[in-house]
Amino acid sequence: MKKAIILLLCASMLGTVGCLEKKKPESKPKTIYYDENGNPVATPPAKDGETQPPVPTEPTTPPPTAPEGTFDVDVVRQNIYIKGQLIDLPKKLEDFPVGWTYTLYDRKEYNLEEGSGLAKMYYCGEEMGTVMLEDCYDGKEEESTAYSISTHEENSNIYGITPHVSTVDDVKAHIGEPDEEFNNERPFEHSFRYGISEGEDEKGVLRANMLSISFDEDGVVDLVSVYYSRK
């Protein structure tokens with residue numbers, strides 16, 4: 001479990017020098033088209049007089065919530081807002097909405113077993129976060145499933161927990177006391193774990209339904225990661 005968590009945290013340190021900076025991810029680009037209002041669409045913009053493809057919208061049914069002060073992983077995994085885009089886990093790469101693309105990290109370079117993977121996600125070309133993948137096989141990457149996502153962007157949040165904004169007290173008030181807490185002075189580490197982890201399976205997939213939150217030395221959230229792959 002520890003190896004998988006460290007790998008995800010390194011992959012998620014966007015814009016910093018991290019363990020994944022030694023090699024750029026393998027590119028799996030898609031072409032994104034935009035309508036006259038700048039919204040992403042599934043096909044090239046229609047010519048005059050033709051019908052435009054539908055533009056994706058927010059779900060008509062709001063995601064679920066839990067009572068204040070309680071943790072429910074099924075609620076958390078449906079309340080992931082990355083720079084204003086709502087997604088839920090688990091989700092196949094091919095099922096991400098119009099406008100989402102990804103790049104895969106080289107499996108051999110990062111000692112990932114066949115069947116597991118890592119990818120950076122983008123929306124309209126803007127980097128959104130890092131996901132862990134299961135059922136990820138060469139030539140069939142689109143069929144793989146994202147079971148985790150991590151963010152440290154302050155204009156994103158996982159169930160209302162916002163990097164560089166939320167504090168230790170905010171987190172406890174919102175989802176209660178953690179199931180595990182790690183607090184070391186040197187090297188500095190302060191993190192909460194909520195939920196259940198069974199560790200890695202034979203393919204290196206972390207089987208966990210869990211929320212992980214890391215804090216900086218001032219007690220402010222630095223990184224939020226959610227996992228949903230326990231069967």
Side-chain angles (χ1 to χ4, degrees), residues 1-14 18-23 25-26 71-80 82 87-96 102-121 128-138 140-153 156-159 161 163 171 175 178-182 184 189-215 221-231:
M1 181 185 76
K2 185 175 181 181
K3 182 180 76 173
I5 292 175
I6 291 174
L7 183 57
L8 179 60
L9 298 185
C10 291
S12 305
M13 295 298 180
L14 312 178
C19 61
L20 294 183
E21 291 303 315
K22 57 184 178 180
K23 184 174 180 180
E26 174 190 354
F71 171 75
D72 185 332
V73 70
D74 278 306
V75 170
V76 172
R77 57 108 179 173
Q78 297 178 72
N79 281 269
I80 303 169
I82 308 295
I87 62 170
D88 60 354
L89 294 176
K91 185 182 291 293
K92 285 189 175 183
L93 288 180
E94 62 187 359
D95 292 337
F96 273 78
Y102 64 91
T103 55
L104 294 167
Y105 285 100
D106 184 85
R107 187 180 292 111
K108 291 182 180 179
E109 182 73 17
Y110 299 104
N111 299 316
L112 299 172
E113 300 291 338
E114 180 77 6
S116 65
L118 276 171
K120 280 188 179 181
M121 302 301 300
M128 305 294 279
T130 304
V131 297
M132 277 181 161
L133 303 169
E134 62 176 320
D135 298 324
C136 184
Y137 300 98
D138 291 340
K140 296 183 178 180
E141 289 87 358
E142 286 245 330
E143 300 175 13
S144 64
T145 300
Y147 69 87
S148 78
I149 194 164
S150 181
T151 182
H152 68 88
E153 300 288 340
S156 302
N157 74 78
I158 294 178
Y159 194 48
I161 300 170
V171 172
I175 57 175
D179 293 311
E180 293 183 280
E181 181 174 4
F182 304 90
N184 298 317
E189 177 191 15
H190 188 192
S191 60
F192 287 174
R193 301 284 189 274
Y194 295 84
I196 298 172
S197 174
E198 297 176 348
E200 295 180 357
D201 65 14
E202 67 279 2
K203 295 179 180 179
V205 173
L206 178 60
R207 293 299 173 192
N209 293 351
M210 181 176 67
L211 179 68
S212 174
I213 305 165
S214 298
F215 303 93
V221 173
D222 179 60
L223 185 72
V224 189
S225 307
V226 61
Y227 310 77
Y228 197 80
S229 64
R230 181 171 173 264
K231 296 180 179 181

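Note that the structure is predicted; figures quoted are calculated from it, not measured.
- Looking only at side-chain heavy atoms (C-beta outward), Leu206 and Tyr147 come within less than 4.5 Å of each other.
- Atoms OG and CG, on Ser229 and Leu133 in that order, are 11.5 Å from each other to the nearest 0.5 Å.
- Residues Thr151 and Ser156 approach most closely at OG1-CB, 3.5 Å, considering heavy atoms.
- Note that NE2 of His152 is 7.0 Å distant from CG of Leu223, once rounded to the nearest 0.5 Å.
- At least one side-chain heavy atom of Val224 sits under 4.5 Å from a side-chain heavy atom of Leu211.
- Side-chain atoms of Phe192 and Ile161, non-hydrogen and from C-beta on, never get closer than 4.5 Å to each other.
- Taking CE of Met210 as the start and CZ of Arg230 as the end, the distance is 12.0 Å to the nearest 0.5 Å.
- At distances below 3.5 Å, at least one donor-acceptor pair connects side-chain atoms of Asp179 with backbone N or O atoms of Gly195.
- Residues Cys136 and Ser116 are not in side-chain contact: their nearest non-hydrogen atoms beyond the backbone lie 4.5 Å or more apart.
- Counting heavy atoms from C-beta outward, Ile213 and Ile175 have side chains that approach closer than 4.5 Å.
- When every heavy atom of Leu89 is checked against every heavy atom of Ala146, the shortest pair comes out as CD2-O, 3.5 Å.
- In this structure, Met121 and Val131 approach most closely via the heavy-atom pair CG-CG1, 3.7 Å.
- At distances below 3.5 Å, not a single donor-acceptor pair connects side-chain atoms of Asp135 with backbone N or O atoms of Thr145.
- No donor-acceptor pair closer than 3.5 Å links the side chain of Asp95 to the backbone N or O of Lys91.
- Formation of a donor-acceptor pair under 3.5 Å by the Ser148 side chain with backbone atoms of Met132 is found in this model.
- Partner of Glu134 under the salt bridge (charged side-chain N to carboxylate O under 4.0 Å, His left out) criterion, chosen from Arg207, Lys92, Lys203: Arg207.
- Contact between Val76 and Ile80 at its shortest, heavy atoms only, is O-CG1, 3.8 Å.
- At a threshold of 4.5 Å between non-hydrogen side-chain atoms, the residues Arg193 and Pro178 do not count as touching.
- Note that OH of Tyr105 is 6.5 Å distant from OH of Tyr110, once rounded to the nearest 0.5 Å.
- Counting only heavy atoms from C-beta outward, the side chains of Glu114 and Asp138 approach each other to under 4.5 Å.
- Here the CD1-CG distance, from Ile87 to Asn79, works out to 11.5 Å after rounding to the nearest 0.5 Å.
- Residues Asp88 and Tyr228 form no side-chain contact, since every pair of their non-hydrogen atoms from C-beta on lies 4.5 Å or further apart.
- Nearest approach of Ser191 to Glu189, heavy atoms of both residues: OG-OE2, 3.6 Å.
- The structure places CZ of Arg107 at 9.0 Å from OH of Tyr137, a figure rounded to the nearest 0.5 Å.
- Using cut-offs of 30° and 60° on the angle between ring planes, the pair Phe215 and His190 is tilted.
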